[in-house]
Student: 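Starting off with a structure, shown below.
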Amino acid sequence: MSYPYIKEFQNSLVEWFQREKRDLPWRKTKDPYKIWVSEVMLQQTRVDTVIPYYENFLEKFPTVEALATAEEEFLLKQWEGLGYYSRVRNLQAGVREVVENYHSIVPNNRASISTLKGVGPYTAGAVLSIAYGVPEHAVDGNVMRVLSRVLLIEDDIALPKTKKVFEKAVMDLMDIKHPSDFNQGLMELGALVCTPTSPKCLLCPVRDYCGAFAEGQTSNLPVKTKKTKVKKLAYDVFIVENDKGQLLMEKRPESGLLANMWEFPMVLENEHYSALAEFSQQYSVEVLGQEALLTLKHVFSHIVWNLSSYYVQGESKSGIWLSLEEIEQLPLAVPMQKILQQYKISRKKL
DNA sequence: TAAACGTGGTT
DNA sequence: TAACCAAGTTT
């Protein structure tokens, strides 16, 4: 490419990263497996959120063998609250491929590592460059924001095809002597300095090589189109307790939203019938009493749930009835955790 | 390609 | 408050 200050840009970025980088748990290791775990957890997820999950996860699953042999329910429990739960099932599937096909050694080239479940273009480049020092691109949202400004790239970063533009740009700019620090430097710069709003250009190590700074365009880049609005759904949720103090539980389907997570029985609200009647019929539960517990709104990335939860005393021969202690071993999505918490509080008052 | 897929923090 | 954002991948 014609970018004239490549060497200066590389040196300024790498030296800044080495000087200013945050002290993060996954920066204390070069174990490809641990880097892999961190990269999967960090997908669409904040650093502060990830840290405790990362520490716990590697305590429970310190090696690829440990993760490969883990029970899925226990695995999901460790991911509980992190979101995007298919990540952890894909991670285990990928790790099992490494154990079976690669003698438990994470592949060190893009072609091989990219075949692993859950390893996309970004994660492949991140593990290769950070763990193995391979000069490969690792383009995330930070990198697109930083380079759209530095190079004045106006392509819409919401479009999938735009990523190729940035992958080429990264390879053109790559410091082949320091692939790890270069890639992490771009991301760290995006996280700490070249932020979406109010970038700290006066603190930027590559300000002198930034097109957007020179032309006063930082607030107009990157170009990103908006998303569509979310779908709203209203459910009635029933905490059903039998005379043994057990609660009726359900496991969600193995695919789709919150796959394989556990929840309390829910019925979609509808003007045409009573949700309670519908529930007692669907679950064959004889309802003896009902008491409102908690209403809450839970916002997913593409759906909003409006939940009304009720405490119900009832009996049924069918269904899965579990004690509180058993339920607390199960992976529950955040809205169910909140409802369970409210149930425990109400129960204590009796 | 567009949509699905979580959650919590920030503006 | 609604919208946007955060180290993306899969279908």
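Side-chain atoms are counted along with the backbone in the values below, which use heavy atoms only and exclude waters and symmetry mates. The sequence lines fix the lettering, A, B, ..., with proteins before strands; numbering per chain opens at 1.
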Student: Take atom P in B:dC5 and the same atom in C:dA6, then report the distance between them in whole Å.
Tutor: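 Their P atoms lie roughly 23 Å apart.
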Student: Among the candidates C:dT9, C:dA6, B:dC5, find the nucleotide nearest to the side-chain atoms of A:Q43.
Tutor: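 Of all the options, the side chain of A:Q43 is nearest to C:dT9.
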Student: Pick the P atom in C:dT11 and in B:dG6, then give their distance to the nearest Å.
Tutor: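 One P to the other, the span is 13 Å.
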Student: Without decimals, in angstroms, what is the distance between A:L189 CG and C:dA6 P?
Tutor: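 Going from CG in A:L189 over to P in C:dA6 covers 13 Å.
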Student: Which word best sums up how the rings of A:W305 and A:F300 line up, parallel for under 30°, tilted for 30 to 60°, or perpendicular for over 60°?
Tutor: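 The rings of A:W305 and A:F300 stand perpendicular, inter-plane angle above 60°.
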Student: Tell me: CD of A:E39 to C1' of C:dA6, nearest whole Å?
Tutor: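 In whole Å, C:dA6 C1' lies 13 Å from A:E39 CD.
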Student: From the options A:F238, A:W321, A:F264, select the one residue that forms a side chain to side chain contact (heavy atoms under 4.5 Å, CB included) with A:L247.
Tutor: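 Output: one option passes, namely A:F264.
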Student: Both A:Q184 and A:K232 contact DNA chain C. Which one's nearest nucleotide lies toward the 5' end?
Tutor: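 Its nearest nucleotide lies further toward 5', so the answer is A:K232.
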Student: Do A:K21 and A:E188 meet the salt-bridge criterion of a basic N to acidic O distance under 4.0 Å?
Tutor: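 A:K21 and A:E188: not salt-bridged.
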Student: Using the rule side chain to side chain contact (heavy atoms under 4.5 Å, CB included), only one of A:V40, A:T123, A:L116, A:V119 pairs with A:L91; which is it?
Tutor: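 When A:V40, A:T123, A:L116, A:V119 are each tested with A:L91, the side chain to side chain contact (heavy atoms under 4.5 Å, CB included) holds only for A:V40.
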Student: Taking only side-chain nitrogens and oxygens of A:H302, does any of them come within less than 4.0 Å of OP1 or OP2 of B:dA3?
Tutor: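 Looking at the OP1 and OP2 atoms of B:dA3, neither is under 4.0 Å from any side-chain N or O of A:H302.
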Student: Rounded to the Å, how far apart are A:L258 CG and B:dC5 C1'?
Tutor: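 Answer to the nearest Å: 9 Å.
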Student: Mind checking A:K231 for me? I need base, sugar-phosphate or nothing, with any heavy atom below 4.0 Å counting as a touch.
Tutor: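 Contact class for A:K231: none.
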Student: Using a cut-off of 4.0 Å on non-hydrogen atoms, how would the nucleic acid contact of A:V299 be classed: base, sugar-phosphate, or nothing?
Tutor: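 Base contact - A:V299 has a heavy atom under 4.0 Å of at least one base atom.
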Student: Assuming nearest nucleotide by heavy-atom distance, tell me which of A:K161 and A:S255 is located more 5' along DNA chain B.
Tutor: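 Upstream on the strand: A:K161.
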Student: Does any part of the side chain of A:T49, heavy atoms only, come nearer than 4.5 Å to the side chain of A:L82, both counted from C-beta?
Tutor: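 With C-beta onward as the side chain, the pair touches.
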Student: If I pick the P atom on C:dC4 and the same atom on B:dA3, what distance separates them, to the nearest angstrom?
Tutor: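 It works out to 15 Å between them.
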Student: Using a strict 4.0 Å threshold on nitrogen-to-oxygen distance, state whether A:R27 and A:D23 make a salt bridge.
Tutor: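 Salt bridge flag = no for A:D23 with A:R27.
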Student: Nearest to the side chain of A:R46, which nucleotide is it out of B:dA2, B:dG9, B:dT7?
Tutor: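 Given the options B:dA2, B:dG9, B:dT7, the side chain of A:R46 is closest to B:dG9.
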Student: Residues from residues 70-87 of chain A sitting under 4.0 Å of DNA chain C, heavy atoms only?
Tutor: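 Here the set is empty: none.
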Student: If you assign A:V119 and A:A191 each to the DNA chain C nucleotide with the nearest heavy atom, which residue ends up on the more 5' nucleotide?
Tutor: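 Final value for this comparison: A:A191.
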Student: Between A:L332 (CG) and B:dT7 (P), how many Å, whole number?
Tutor: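 The distance from CG of A:L332 to P of B:dT7 comes to 11 Å, rounded to the nearest Å.
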Student: In whole Å, I'd like the distance from the CE atom of A:M41 to the P atom of C:dT9.
Tutor: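 Going from A:M41 (CE) to C:dT9 (P), I get 16 Å.
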Student: In terms of heavy-atom contacts, does NZ of A:K77 have more than 12 from other residues, nucleotides or ligands at under 6.0 Å?
Tutor: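 Yes - once you tally the heavy atoms of other residues, nucleotides and ligands closer than 6.0 Å, there are more than 12.
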Student: At under 4.0 Å between heavy atoms, what does A:L186 touch on the DNA or RNA strands: base, sugar-phosphate, or nothing?
Tutor: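 No contact at all - A:L186 keeps every heavy atom at 4.0 Å or more from the nucleic acid.
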Student: With a 4.0 Å cutoff (strictly under), does any side-chain N or O of A:H298 reach OP1 or OP2 of B:dT7?
Tutor: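 Affirmative; the distance criterion is met.
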Student: Salt-bridged, A:E328 to A:K344, with N to O below 4.0 Å?
Tutor: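 Answer for the salt bridge query: yes.
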Student: Would you mind classifying the nucleic acid contact of A:T45 as base, sugar-phosphate or nothing, using non-hydrogen atoms under 4.0 angstrom?
Tutor: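 Result for A:T45 = base.
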Student: Heavy atoms from C-beta onward define the side chain here; which of C:dG8, B:dT11, B:dT7 lies closest to that of A:Y122?
Tutor: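 So the side chain of A:Y122 is nearest to C:dG8.
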Student: Please state how far atom CG in A:L233 lies from atom P in B:dA4, giving the value in whole angstrom units.
Tutor: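 Spelled out: CG on A:L233 to P on B:dA4 is 11 Å.
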Student: Looking across every strand, which nucleic acid part, if any, lies under 4.0 Å from A:T123 by heavy atom: base, sugar-phosphate, or nothing?
Tutor: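 The answer is sugar-phosphate, as A:T123 gets under 4.0 Å only of primed atoms, P, OP1 or OP2.
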Student: Which nucleotide wins on minimum distance to the side chain of A:K224, given the candidates C:dT9, C:dC5, B:dG6?
Tutor: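 Minimum distance to the A:K224 side chain belongs to C:dC5.
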Student: Using whole Å, report how far CD of A:Q44 lies from P of B:dG8.
Tutor: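 It works out to 16 Å between those atoms.
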Student: Heavy atoms from C-beta onward define the side chain here; which of C:dT9, B:dG9, B:dT7 lies closest to that of A:V334?
Tutor: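 So the nucleotide nearest the side chain must be B:dT7.
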Student: Base, sugar-phosphate alone, or nothing: which one does A:G256 contact when heavy atoms must sit under 4.0 Å apart?
Tutor: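 Sugar-phosphate only.
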Student: Tell me: CG of A:D156 to P of B:dT1, nearest whole Å?
Tutor: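 Nearest whole value for this atom pair: 12 Å.
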Student: Report which part of the nucleic acid A:R89 touches: base, sugar-phosphate, or nothing (heavy-atom distance under 4.0 Å, all strands).
Tutor: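 Nothing, no heavy atom under 4.0 Å.
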Student: Is A:R27 touching bases, backbone alone, or none of the nucleic acid, heavy atoms closer than 4.0 Å?
Tutor: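 Result for A:R27 = base.
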Student: Does the separation of the ring centres of A:Y54 and A:W26 fall below 6.0 angstrom?
Tutor: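 Between A:Y54 and A:W26, the centre distance is under 6.0 Å.
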Student: Could you work out which one of C:dG8, B:dT1, B:dT7 sits closest to the side chain of A:D140?
Tutor: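 The closest nucleotide is C:dG8.
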Student: In terms of the nearest nucleotide of DNA chain B, which residue is placed more toward the 5' end: A:L159 or A:Q337?
Tutor: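 Nearer the 5' end of the strand: A:L159.
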Student: Sequence neighbours excluded, which residues qualify as side-chain contact (heavy atoms from CB on, under 4.5 Å) partners of A:L330?
Tutor: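 A:E73, A:W262, A:L322.
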Student: Would you indicate which nucleotide in C:dA6, B:dC5, B:dG8 comes nearest to any side-chain atom of A:R145?
Tutor: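 It is C:dA6.
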